[in-house]
Amino acid sequence: SHLQHHQMYTPMYTHPSAVVNTHPGLSPHPGNMHQSVHESECDPRELEMFAERFKQRRIKLGVTQADVGAALANLKIPGVGCLSQSTICRFESLTLSHNNMIALKPILHTWLEDAEKQARERKAELENGLSGDKRRKRTSIAAPEKRSLEAYFAVQPRPSGEKIAQIAEKLDLKKNVVRVWFCNQRQKQKRMKFSAIAAGMGLGHH
DNA sequence: TGTATGCAAATAAGG
DNA sequence: CCCTTATTTGCATAC
């Protein structure tokens with residue numbers, strides 16, 4: 001239960017095979033992929049090379065990270081929609097978790113092949129009506145609302161569903177947004193408590 | 001103007 | 001349906 005360890009994909013010195021799992025004794029389960037397919041492609045080295053080559057080829061195509069992210073939706077792969085510029089950027093710089101890198105690799109690989117193929121065919125006709133695809137939306141909670149939520153949290157960190165609905169209405173936010181906010185706030189609280197303890201143990205700095 | 005990044009929403013998966 | 005824990009992304013905004 002180590003929170004906040006968003007173990008980034010560390011390019012160097014990672015053993016080719018001893019990765020993937022965050023918890024030695026717990027369930028691995030990234031969905032339920034059959035890791036038997038091709039494990040050679042999980043090699044950090046291989047990923048590092050792919051990411052670099054991907055960027056080179058992308059630039060050669062004259063496409064931006066944002067373009068790639070948006071274009072992924074046109075690929076129409078089952079569970080794949082578009083991604084943000086941020087994510088593409090992080091993939092190229094290997095600042096995503098190792099598992100995340102592995103999950104995204106085949107998708108970006110497909111896009112690259114497709115894009116180069118089209119470029120070859122001078123198929124100059126971009127985006128048509130297109131993609132009824134969904135991108136994960138991120139709500140931006142304004143400062144005033146955030147302050148109110150913090151005030152509610154201070155008095156009651158775990159409001160009932162009823163209370164949450166009430167707060168949501170008062171702040172003009174979706175109930176689910178408020179519910180998730182409280183969940184995330186609880187996680188944050190826990191992280192803070194941990195780092196505070198760590199600091200108290202002298203593991204911190206100062 | 002494209003690219004990084006910090007902070008933290010949204011999701012996944014087991015209860 | 002909601003929670004927790006672990007993770008995956010995206011908005012905003014700094015380079």
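In what follows, every chain begins at residue 1, and chains take the letters A, B, ... in the order their sequences are listed. Keep in mind that the numbers below use all heavy atoms, side chains included, and drop hydrogens, waters and symmetry copies.
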Side-chain N or O of [X] less than 4.0 angstrom from OP1 or OP2 on [N]?
{"X": "A/K137", "N": "C/dC11", "result": "yes"}
{"X": "A/W181", "N": "B/dA8", "result": "no"}
{"X": "A/T87", "N": "C/dG10", "result": "yes"}
{"X": "A/K146", "N": "B/dA9", "result": "yes"}
{"X": "A/S97", "N": "C/dT8", "result": "yes"}
{"X": "A/K55", "N": "B/dG2", "result": "no"}
{"X": "A/K190", "N": "C/dT5", "result": "yes"}

Rounded to whole angstroms, how far apart are [atom1] on [X] and [atom2] on [N]?
{"X": "A/L96", "N": "B/dA4", "atom1": "CG", "atom2": "C1'", "value": "13 Å"}
{"X": "A/K188", "N": "B/dA8", "atom1": "NZ", "atom2": "P", "value": "4 Å"}
{"X": "A/L61", "N": "B/dG2", "atom1": "CG", "atom2": "C1'", "value": "16 Å"}
{"X": "A/R90", "N": "C/dC11", "atom1": "CZ", "atom2": "P", "value": "12 Å"}
{"X": "A/Q185", "N": "B/dC7", "atom1": "CD", "atom2": "P", "value": "14 Å"}
{"X": "A/Q187", "N": "B/dA10", "atom1": "CD", "atom2": "C1'", "value": "11 Å"}
{"X": "A/R191", "N": "B/dA9", "atom1": "CZ", "atom2": "P", "value": "10 Å"}
{"X": "A/N184", "N": "C/dG10", "atom1": "CG", "atom2": "C1'", "value": "13 Å"}

Residue met sooner reading DNA chain C from 5', once A/Q85 and A/R136 are mapped to nucleotides: A/R136
In degrees rounded to 10°, what angle is found between the helical axes fit to the five outermost pairs at each end of the helix from B/dG2-C/dC15 to B/dG15-C/dC2? 30°
For the side chain of [X], starting at C-beta, report the closest nucleotide among [options].
{"X": "A/R179", "options": "B/dA4, C/dC3, C/dG10", "result": "C/dC3"}
{"X": "A/I141", "options": "B/dA9, B/dT3, C/dC3", "result": "B/dA9"}
{"X": "A/V180", "options": "C/dG10, C/dT7, B/dA9", "result": "B/dA9"}
{"X": "A/N100", "options": "C/dT5, C/dT9, B/dT3", "result": "C/dT9"}

Parallel, tilted or perpendicular: which fits the ring planes of A/H109 and A/F50, with parallel below 30° and perpendicular above 60°? tilted
Parallel under 30°, tilted from 30 to 60°, perpendicular over 60°: which one fits the rings of A/F54 and A/F91? perpendicular
At their closest point, which heavy atom of A/T87 faces which heavy atom of A/L96, and how far apart are they? O-CD1, 4.2 Å
Taking every non-hydrogen atom, the tightest pair across A/C82 and A/G69: CB-O, 3.0 Å
Could you tell me whether the side chain of A/S86 has a donor or acceptor atom within less than 3.5 Å of a complementary atom in the base of B/dT3? no
Could A/E48 and A/R45 be called an ion pair, given the rule that one side-chain N must be under 4.0 Å from one carboxylate O? yes
Quick one: do A/K105 and A/E46 make a salt bridge, cutoff under 4.0 Å? yes
May I ask you to test the [X]-[Y] pair for a side-chain heavy-atom distance under 4.5 Å?
{"X": "A/E92", "Y": "A/E52", "value": "no"}
{"X": "A/Q187", "Y": "A/Q189", "value": "no"}
{"X": "A/E116", "Y": "A/W111", "value": "no"}

What distance separates A/Q118 CD from A/L61 CG, expressed to the nearest 0.5 Å? 10.0 Å
The criterion is salt bridge (charged side-chain N to carboxylate O under 4.0 Å, His left out); which residues satisfy it with A/E113, sequence neighbours excluded? A/R57
What residues form a salt bridge (charged side-chain N to carboxylate O under 4.0 Å, His left out) with A/E145, not counting sequence neighbours? none
Mind listing the residues from residues 156-177 of chain A sitting with a heavy atom below 4.0 Å of DNA chain C? Number order is fine. A/R158, A/K175
Donor-acceptor pairs under 3.5 Å, side chain of residues 168-185 of chain A to any protein atom, not counting sequence neighbours: which ones?
| unit_1 | atom_1 | unit_2 | atom_2 | d |
| --- | --- | --- | --- | --- |
| A/N176 | OD1 | A/R179 | NE | 3.2 |
| A/N176 | OD1 | A/R179 | NH2 | 2.7 |
| A/N184 | ND2 | A/V180 | O | 3.3 |

Considering only heavy atoms, which members of residues 106-115 of chain A lie under 4.0 Å from some atom of DNA chain B? none
Looking for any heavy atom pair under 4.0 Å, which part of the strands does A/S140 touch: base, sugar-phosphate only, or nothing? sugar-phosphate
